[in-house]
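Below you'll find the structure, written out as structure tokens, and then a few comments.
When reading the values below, keep in mind they use all heavy atoms of this one structure, side chains included, and skip hydrogens, waters and symmetry mates.
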Amino acid sequence: MNMLTPYYQNNAHFLIAVDCIIFGFREKELHLLITRRPVEPLKNEWSLMGGFMEENESLTQAAEKVLYRYTQQKNIYMEQVGAYGEVDRDSGDRVISVAFYALVQIEKFNTLLARKFDARWVNVKELPLLVFDHNVMVRNALTLLQ
């Protein structure tokens with residue numbers, strides 16, 4: 001890590017996460033890929049696919065890494081939805097998350113590889129309560145999609 005100047009040293013440091021919002025169409029209905037959260041806090045609750053950005057990667061690289069970790073899928077075009085930084089948004093620590101979304105063809109998106117995370121496609125009209133502010137992220141992504 002670089003030696004921080006006092007200007008940077010004297011300011012707080014936060015965790016940065018990325019969350020992946022993967023939409024797909026089935027029978028002309030829009031669906032969202034959700035998973036069971038694999039870690040505490042809120043382990044096993046419904047969640048978007050997420051993870052932390054590492055020191056040596058960009059936000060886009062972090063999103064690609066997270067998507068690959070959960071689904072083993074590569075070369076999925078994702079766009080940034082926005083940043084989420086409410087002080088209490090994550091009960092585990094102070095985390096700022098940047099959400100990304102993609103629209104995929106469900107038939108071509110193999111979710112068998114995501115079984116260990118109990119991944120499933122859910123109609124966006126029937127979304128369960130997701131962890132943290134993930135429902136807000138999905139609503140914002142739906143607005144961009146329209």
Side-chain angles (χ1 to χ4, degrees), residues 1-2 4 8 11-146:
M1 180 178 239
N2 302 350
L4 300 177
Y8 291 100
N11 284 288
H13 293 247
F14 305 109
L15 293 168
I16 300 171
V18 293
D19 287 296
C20 298
I21 304 164
I22 308 301
F23 293 116
F25 277 103
R26 179 184 293 144
E27 295 161 11
K28 297 183 183 173
E29 292 280 327
L30 189 63
H31 290 71
L32 175 71
L33 186 63
I34 60 174
T35 67
R36 294 283 184 184
R37 186 169 157 82
V39 296
E40 294 293 353
L42 304 176
K43 186 175 181 174
N44 295 323
E45 296 295 319
W46 290 115
S47 175
L48 296 172
M49 295 166 285
F52 293 117
M53 186 170 117
E54 293 172 30
E55 202 173 331
N56 61 347
E57 65 188 355
S58 70
L59 284 166
T60 301
Q61 289 169 330
E64 291 167 351
K65 171 194 71 185
V66 164
L67 185 64
Y68 185 77
R69 182 187 308 141
Y70 277 89
T71 68
Q72 304 297 299
Q73 302 284 317
K74 284 189 172 188
N75 302 316
I76 304 294
Y77 177 74
M78 291 187 283
E79 286 193 22
Q80 208 175 107
V81 175
Y84 299 82
E86 292 300 318
V87 173
D88 59 352
R89 66 166 297 278
D90 186 323
S91 55
D93 202 343
R94 180 71 170 103
V95 180
I96 295 163
S97 183
V98 179
F100 287 80
Y101 79 101
L103 182 60
V104 301
Q105 291 180 287
I106 290 178
E107 304 77 35
K108 293 182 179 177
F109 198 86
N110 182 359
T111 54
L112 292 177
L113 302 165
R115 268 200 185 141
K116 67 181 177 182
F117 299 107
D118 197 12
R120 60 188 63 183
W121 290 101
V122 177
N123 190 308
V124 293
K125 296 175 187 166
E126 300 163 6
L127 273 189
L129 183 62
L130 304 175
V131 300
F132 311 137
D133 51 3
H134 290 188
N135 289 88
V136 174
M137 293 176 180
V138 172
R139 281 195 301 273
N140 293 347
L142 283 168
T143 300
L144 289 173
L145 201 57
Q146 293 167 348

**Request:** Could you give me the CA-CA distance, side-chain angles and deciding distance for Y101 and N140, then say whether side chain to side chain contact (heavy atoms under 4.5 Å, CB included) is met?
**Result:** CA-CA 10 Å; Y101 79 101; N140 293 347; over 6 Å; no
Which atom of [X] lies closest to which atom of [Y], heavy atoms considered:
X	Y	result
A119	T35	CB-CG2, 3.7 Å
S47	R37	CB-CB, 4.0 Å
E57	E54	OE2-N, 2.7 Å
G92	P41	N-CG, 3.6 Å
R69	G51	NH1-CA, 4.2 Å

Do [X] and [Y] come within less than 4.5 Å of each other through their side chains, counting heavy atoms only?
X	Y	result
V66	F100	no
I21	M137	yes
F25	L30	yes

**Asked** Has R36 got its NZ or CZ under 6.0 Å from the middle of the six-membered ring of W46, at an angle within 45 degrees of the ring axis?
**Response**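 Verdict for W46: a cation-pi partner in R36.
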**Asked** Do the rings of F109 and W121 sit parallel, tilted or perpendicular, given the 30° and 60° boundaries?
**Response**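 Plane angle over 60°, so perpendicular.
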**Asked** Please walk me through it: do V138 and F23 pass side chain to side chain contact (heavy atoms under 4.5 Å, CB included)?
**Response** CA-CA 9 Å; V138 172; F23 293 116; 4.3 Å; yes
**Item:** Derivation and outcome, side chain to side chain contact (heavy atoms under 4.5 Å, CB included), residues F117 and T71
**Value:** CA-CA 9 Å; F117 299 107; T71 68; over 6 Å; no
Spacing of [X] atom [atom1] and [Y] atom [atom2] [to the nearest 0.5 Å]:
X	Y	atom1	atom2	answer
T60	Y77	OG1	OH	9.0 Å
E86	I96	CD	CD1	11.0 Å
L59	Q80	CG	CD	6.0 Å
L67	I76	CG	CD1	6.0 Å
S97	L15	OG	CG	11.0 Å
Y68	M49	OH	CE	14.5 Å

Check whether [X] reaches the backbone of [Y] with its side chain - one donor and one acceptor, N or O, closer than 3.5 Å.
X	Y	value
R94	G85	yes
D19	A99	no
H134	L48	yes
E40	L42	yes
E126	N123	no
K65	M53	no

